[in-house]
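Notes follow the structure.
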Amino acid sequence: MVPAEATAAAPPVPDQATARTWLGQMLLIRRFEEKAAELYSAGKIRGFLHLSIGEEAVSVGAVGALAADDNIVSTYREHGHALVRGLPPGAVMAELFGKANGSSRGRGGSMHIFDAGRRFFGGNAIVAGGLPLAVGLALADRMQHRPAITACFFGDGAVAEGEFHESLNLAALWKLPVLFLCENNYYAMGTALARHQAETDISRKGVAYRIASAAVDGMDVTAVADAVRAAVARIRSGGEPFLLECRTYRFRAHSMYDPELYRDRAEVDEWKRRDPITLFTDRLAREGVLGEGEIEQLDRSAHSATEAAVAFAEAGGWEPVEDLAKDVYTEAGNAPDVP
Amino acid sequence: MVPAEATAAAPPVPDQATARTWLGQMLLIRRFEEKAAELYSAGKIRGFLHLSIGEEAVSVGAVGALAADDNIVSTYREHGHALVRGLPPGAVMAELFGKANGSSRGRGGSMHIFDAGRRFFGGNAIVAGGLPLAVGLALADRMQHRPAITACFFGDGAVAEGEFHESLNLAALWKLPVLFLCENNYYAMGTALARHQAETDISRKGVAYRIASAAVDGMDVTAVADAVRAAVARIRSGGEPFLLECRTYRFRAHSMYDPELYRDRAEVDEWKRRDPITLFTDRLAREGVLGEGEIEQLDRSAHSATEAAVAFAEAGGWEPVEDLAKDVYTEAGNAPDVP
Amino acid sequence: MRLTYREAVRTGLTQALASDPRVFLMGEDVGRYGGAYAASKGLLEQFGPDRVRDTPLSESGFVGAGIGAALGGLRPIVEVMTVNFSLLALDQIVNGAATLRHMSGGQLSVPLVIRMATGAGRQVAAQHSHSLEGWYAHVPGIKVVAPATPHDARWMLPAALREPDPVVIFEHAILYPEEGEVGDEPGPLPLFSACIRRAGRDLTLIAHGGSVGKTLAAAERLAGDGIEAEVIDLRSLRPLDGETILSSVRRTHRAVLVDEGWRSGSLAAEVSARIMEGAFYELDAPVARVCSVEVPIPYPKHLEDAALPDAERICAAARDLVGATAGARR
Amino acid sequence: MRLTYREAVRTGLTQALASDPRVFLMGEDVGRYGGAYAASKGLLEQFGPDRVRDTPLSESGFVGAGIGAALGGLRPIVEVMTVNFSLLALDQIVNGAATLRHMSGGQLSVPLVIRMATGAGRQVAAQHSHSLEGWYAHVPGIKVVAPATPHDARWMLPAALREPDPVVIFEHAILYPEEGEVGDEPGPLPLFSACIRRAGRDLTLIAHGGSVGKTLAAAERLAGDGIEAEVIDLRSLRPLDGETILSSVRRTHRAVLVDEGWRSGSLAAEVSARIMEGAFYELDAPVARVCSVEVPIPYPKHLEDAALPDAERICAAARDLVGATAGARR
Ligand SMILES: Cc1ncc(C[n+]2csc(CCOP(=O)(O)OP(=O)(O)O)c2C)c(N)n1
Ligand SMILES: Cc1ncc(C[n+]2csc(CCOP(=O)(O)OP(=O)(O)O)c2C)c(N)n1
Ligand SMILES: [Mg+2]
Ligand SMILES: [Mg+2]
């Protein structure tokens with residue numbers, strides 16, 4: 001498996017403001033997760049921690065192309081999605097710490113970041129578990145005549161699950177506004193794409209459901225943004241689902257314990273040459289959109305936002321043990337309002 | 001939905017011996033099941049009873065094209081498959097009665113006909129439940145270097161289940177000799193194909209797994225036999241799975257209680273004009289393969305085989321109540337031999 | 001008003017759909033077919049295909065879609081045709097519906113109702129005869145009820161729809177044709193409480209769903225022998241109404257639990273353990289269980305009957321208990 | 001020989017693959033990755049990709065394929081990475097593996113071994129911390145064991161492979177790094193029997209899998225207070241070894257059951273019911289349960305710890321029981 005070729009000519013470079021946003025967001029994810037890895041080693045973060053380092057262009061390009069009312073359904077590898085969605089980095093970091101000021105009051109940890117107000121419906125630790133939820137969210141929008149769409153992230157590994165099949169059929173059959181967004185990083189844990197899929201071109205799988213689809217270079221934030229914008233426009237106008245495969249790569253271990261026996265260092269290095277942040281900064285510099293100083297400034301901001309997030313998490317308290325059984329059920333009078 | 005067009009020119013009419021076998025088998029299934037319906041009304045048969053009347057050409061064409069060592073995995077609508085496989089009609093009828101001389105000692109009833117010796121692996125009342133089993137049977141053959149293939153029957157409704165997707169991917173990925181044989185009768189219970197599948201051309205779904213596929217007129221026994229023969233040859237030589245869609249129609253209710261609110265009488269009548277038995281007898285008569293007398297004789301044989309089956313079932317005893325818990329587990333010394 | 005259980009379910013569904021635009025029904029064959037048990041017959045015509053939505057055979061998919069629709073502001077009633085097929089949807093229920101509120105720190109609620117037929121007794125053999133209510137009753141985050149009468153079949157549904165959290169309703173398949181009185185009002189009994197269907201002083205029989213009828217029949221027979229059995233219908237399986245159970249047992253000092261689940265690991269085991277914990281010192285005899293024999297349920301009637309609890313086995317257990325310990329109060 | 005539980009599992013797998021050509025291992029990441037818990041590390045290199053077979057994420061598909069392969073004459077060991085994901089395969093296990101023999105009138109056997117990690121305690125939150133052994137133990141047609149020691153992790157596997165019927169092996173995830181003595185022979189204990197890990201006369205503590213260690217620790221602490229607890233490791237969850245349980249309780253007259261499952265509907269409920277039925281008249285006090293609090297297991301350590309059984313809660317329950325009823329033999 002070798003790095004994805006750009007499937008089309010790269011879209012034009014964005015304007016300065018957009019470039020700043022995208023680069024800033026990619027850098028934030030990178031620095032945030034590098035820090036999280038450190039904090040894991042330090043024992044501040046426990047359990048499972050899945051980093052999206054290497055895949056930032058997908059989070060930034062995709063989430064950035066959605067409207068605020070659009071729903072997001074994500075996976076356990078969701079820090080990037082959450083940060084771009086606008087969850088405060090502090091709330092996300094505090095969640096990783098398990099603190100009460102975390103986005104899920106610390107109850108969920110890294111795999112279960114939620115923000116109901118921002119229509120960020122998690123964080124799901126069951127591979128492909130989110131796809132049926134996305135169908136339902138889109139159904140609710142459709143039945144209530146709301147214009148929102150639902151973006152549903154999942155990995156290449158999820159494609160093998162029955163839930164992928166059932167959900168794509170349901171969404172297509174019922175003409176629901178779902179963007180199925182596959183983050184194909186060529187591995188499901190240690191199992192390479194070609195060892196888990198008979199058809200490795202995931203975008204072709206739309207055929208089985210009459211779902212329009214495309215594949216895009218997931219290392220190029222401009223390409224992802226473009227493809228998602230087009231897909232979303234198509235979904236909004238036609239009201240039917242779309243399958244978008246973003247070809248990307250995970251630079252780090254699957255989770256924190258992973259000897260990476262299943263891939264060569266050389267393959268990883270090859271992909272790192274297409275680091276989405278480097279690719280984008282090089283281009284911005286080359287085309288004169290952002291100067292070196294500005295780029296450095298963005299990186300400093302990412303670092304300091306990360307530091308602030310850590311400070312916020314450190315300052316947070318622990319959910320009292322007496323509240324252990326709180327919120328297993330909805331307390332009377334605490335039911336959510338009808339949207 | 002209207003009757004399937006023959007997708008290719010009908011194959012040549014078979015020789016006399018084959019014609020006799022095929023027609024005899026189709027008539028046996030028809031008479032056997034008509035009788036079963038009667039006996040259901042008489043209270044001799046209880047529970048669920050799913051008839052394949054209208055779909056006989058698929059059972060006969062498909063099962064007849066398999067070798068004796070090939071495995072069959074079927075559904076709850078399996079009387080036809082079982083009879084063509086060579087299970088004694090008496091043992092099948094006795095199973096429908098729940099008698100101890102039934103093929104499963106009466107324990108399974110209509111939905112659970114098994115014959116280990118004839119490699120007939122059921123009879124499964126869970127829609128799509130048999131597909132993973134078929135993958136495993138084929139894997140066992142492959143790993144033990146046996147030339148057998150596994151034919152796996154399922155309905156159009158089963159195509160929506162996750163197990164369809166997972167099984168086709170596994171079989172293709174591991175290059176297993178499985179014939180996935182969809183009996184598309186255009187309804188899953190009361191839900192028409194177009195109301196349960198976004199892509200109604202089931203044969204197209206092979207694309208998602210790089211599985212070669214075809215669709216065939218399931219009302220024409222010669223076409224089914226031809227298509228299955230070709231598929232089986234291809235599987236045996238190439239060692240890879242194949243997806244064959246047989247387009248057919250169920251003339252009777254889904255099961256025995258079914259007011260058939262979901263389809264028009266006219267549609268049923270339209271399909272009945274393509275009754276597989278009439279189509280075949282007409283052709284045999286027209287092309288002079290079998291005379292009217294011979295055809296009548298075959299029908300008399302089907303009737304008398306059915307009567308004999310009923311007599312066998314009537315004569316059977318009941319499994320003693322003391323044996324209720326027998327065979328929940330394998331009694332010591334009663335483990336199956338290694339094949 | 002006298003209605004069959006089936007009609008009572010249908011009445012509940014009709015009223016729910018008519019009174020709240022957020023409510024919709026989805027499942028396999030709920031629409032054109034009219035429901036596998038004809039419980040939703042006519043609803044498609046009345047409410048249209050969006051609100052009475054036929055689904056493909058995709059249990060995991062459409063149950064998960066029900067969860068998503070609940071998150072999106074609707075009040076879905078998802079019908080899983082039978083508990084047997086719900087095994088395919090368990091991940092969505094256990095890892096999704098049941099966890100989302102707690103795991104999100106209380107941000108989300110999943111106001112979802114899942115209905116399914118359960119139980120054996122119709123000669124539909126091993127794969128179609130499960131009684132897995134006890135499994136569902138094990139899962140924190142969901143609630144579980146089992147209407148045993150047409151009245152409860154009518155009125156538990158609207159009460160479940162008022163819950164902000166997932167509620168699973170088990171309808172025993174043998175009950176659909178049973179007739180009974182259905183009140184115009186839900187009545188005073190809360191959704192999650194048990195009730196005493198027959199008062200008695202000699203022992204307590206505890207059952208739910210499809211077993212309540214057999215248990216009442218057994219109580220009648222026992223009365224003929226001079227044994228007055230109290231019969232409790234659990235109604236709610238999660239939460240269990242320990243109060244009603246324990247106060248009855250404290251009075252009668254003996255209990256027989258009737259449960260169509262397989263004996264080992266049955267819901268009856270939990271009830272037995274609760275009595276152990278809450279009324280041990282009041283017991284005159286060990287709590288007995290009448291459950292299904294631990295076999296895949298066979299097709300032929302004589303074997304199926306032998307596998308399931310019946311009035312005779314209930315009576316025998318009750319007589320054993322009372323006989324062995326008559327006047328044994330310590 | 002001293003081995004970790006992980007090494008013991010690997011030794012068992014290696015020997016099974018080496019000694020019977022019909023045996024193969026399949027599951028997610030069992031090959032190239034070496035197993036999610038590194039239990040199968042090195043086996044791919046030793047036995048090749050056919051016999052150490054990585055699967056796609058298709059739990060229902062590959063578990064069902066395991067059933068089919070068993071029908072086809074192989075002796076598959078299917079690894080479901082964790083019990084959490086096994087929910088996706090339950091239909092194949094309950095409706096397939098467990099029913100095929102009975103439903104076919106005894107024609108088929110399914111000699112399949114399914115291994116899966118279970119349990120909480122590693123801060124992996126609500127969807128990754130289930131303890132559903134009790135559910136599996138409910139199902140006739142399958143057998144269920146839970147090795148609690150490296151020795152059992154080593155030797156239960158070959159014994160399970162000799163069974164003609166499906167056996168599910170639960171490996172508690174916290175045990176993999178634990179070290180213990182592993183004998184060169186399986187020893188005298190049959191696969192489906194419980195064993196006494198510590199003898200005692202004052203009460204019986206009953207646990208399995210990942211809870212045995214905590215329970216032994218609790219027994220040590222209790223000994224400090226002069227309370228001598230007997231500790232039973234159930235080992236086999238289906239069938240349950242009622243004999244060993246009951247004879248111990250008949251001697252000690254008191255029992256505390258430890259089970260990481262949620263309390264309501266736990267396996268401990270079944271054990272309690274069995275003691276009710278088999279040793280009621282020998283009990284000096286009600287059987288107590290120490291189970292998980294009924295919440296989706298939360299991520300942070302302090303909350304997770306509070307949710308799970310621990311030595312302290314076990315000791316407290318034991319002291320309550322002994323204190324409340326000291327010398328209370330009736
Ligand atoms: C249903 C299920 N099976 C197995 C797992 C264990 N697991 C967690 S992540 C993972 C790989 C998923 O790969 P992919 O979908 O490609 O996502 P990626 O991790 O590459 O982002 C596996 C096997 C799980 N969480 N859920
Ligand atoms: C998993 C599962 N869901 C639902 C059912 C109930 N059911 C039995 S048959 C059937 C329709 C199946 O349709 P199809 O696969 O097209 O087969 P056909 O009956 O038409 O031969 C349904 C919904 C079932 N048996 N199993
Ligand atoms: Mg991946
Ligand atoms: Mg059909």
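Below, chains carry the letters A, B, ... as their sequence lines are ordered, and counting in each starts from 1. All of these numbers come straight from a predicted model, not from anything done at the bench.
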[X] side, atom [atom1]; [Y] side, atom [atom2] - distance, nearest 0.5 Å:
| X | Y | atom1 | atom2 | result |
| --- | --- | --- | --- | --- |
| D:E294 | A:L324 | CD | CG | 11.5 Å |
| A:R195 | D:D54 | CZ | CG | 6.0 Å |
| D:R32 | A:R263 | CZ | CZ | 15.0 Å |
| D:E28 | A:T191 | CD | OG1 | 8.0 Å |

[X] versus chain A, heavy atoms under 4.5 Å apart: side chain, backbone, both or neither?
| X | result |
| --- | --- |
| D:S58 | both |
| D:V293 | side chain |
| D:L87 | neither |
| D:A38 | neither |
| D:H128 | side chain |

**Prompt:** Are the side chains of D:L88 and A:E163 in touch, meaning some heavy atoms are under 4.5 Å apart?
**Reply:**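 Yes, at least one pair of side-chain atoms sits under 4.5 Å.
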**Side-chain (D:Y299) to main-chain (A:R46) donor-acceptor, under 3.5 angstrom** =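 Yes, the answer is positive, given that a donor and an acceptor are paired below the 3.5 Å cut-off.
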**Request:** Taking D:H302 for its side chain and A:E319 for its backbone only, find out whether a donor-acceptor pair lies under 3.5 Å.
**Result:**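 Yes, because the side chain of D:H302 sits within donor-acceptor range (under 3.5 Å) of the backbone of A:E319.
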**Message:** Please rank D:V124, D:V295, D:L57, D:N84 by heavy-atom pairs under 4.5 Å with chain A and give me the top one.
**Reply:**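 Maximum pair count with chain A is reached by D:L57.
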**Prompt:** Which of the residues D:R122, D:E59, D:K41 is involved in the greatest number of heavy-atom pairs with chain A at under 4.5 angstrom?
**Reply:**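 Of the candidates given, the most pairs with chain A belong to D:E59.
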Chain D contact via [X] - side chain, backbone, both or neither, heavy atoms under 4.5 Å:
| X | value |
| --- | --- |
| A:D323 | neither |
| A:Y257 | backbone |
| A:V127 | side chain |

**Request:** Provide the closest heavy-atom pair for D:P296 versus A:V328 in the form atom of the first, atom of the second, distance.
**Result:**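 That would be CD-CG2, 4.0 Å.
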**Message:** For a quick test of reading the model, state the closest non-hydrogen atom pair linking D:A125 to A:G108 and the distance between them.
**Reply:**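 Of all heavy-atom pairs spanning D:A125 and A:G108, the closest is CB-O, 3.6 Å.
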**Message:** Tell me which of these, A:R107, A:E95, A:M111, has more heavy-atom pairs under 4.5 Å with chain D than the rest.
**Reply:**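 Highest number of heavy-atom pairs under 4.5 Å: A:R107.
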**Max heavy-atom pair count under 4.5 Å with chain D, selected residue of A:H112, A:E161, A:E260, A:H196** =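 Looking at each of A:H112, A:E161, A:E260, A:H196 in turn, A:E161 comes out on top.
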**Message:** With a 6.0 Å cut-off (strictly less than), is the heavy-atom count around CD of D:E179, excluding the residue itself, greater than 12?
**Reply:**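 More than 12 heavy atoms, drawn from other residues, nucleotides or ligands, come within 6.0 Å of this atom.
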**Prompt:** Step by step, would you call A:W318 with D:L303 a side-chain contact (heavy atoms from CB on, under 4.5 Å)?
**Reply:** CA-CA 9 Å; A:W318 301 103; D:L303 293 182; over 6 Å; no
**Item:** For chain D, which residues of residues 96-104 of chain A have heavy atoms nearer than 4.5 angstrom
**Value:**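 Checking residues 96-104 of chain A against chain D gives A:L96, A:F97, A:G98.
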**Item:** By ring-ring contact (aromatic ring centres under 6.0 Å, His included) - contacts of A:F251 (at least two apart)
**Value:**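 For A:F251, no residue satisfies ring-ring contact (aromatic ring centres under 6.0 Å, His included) once neighbours in sequence are set aside.
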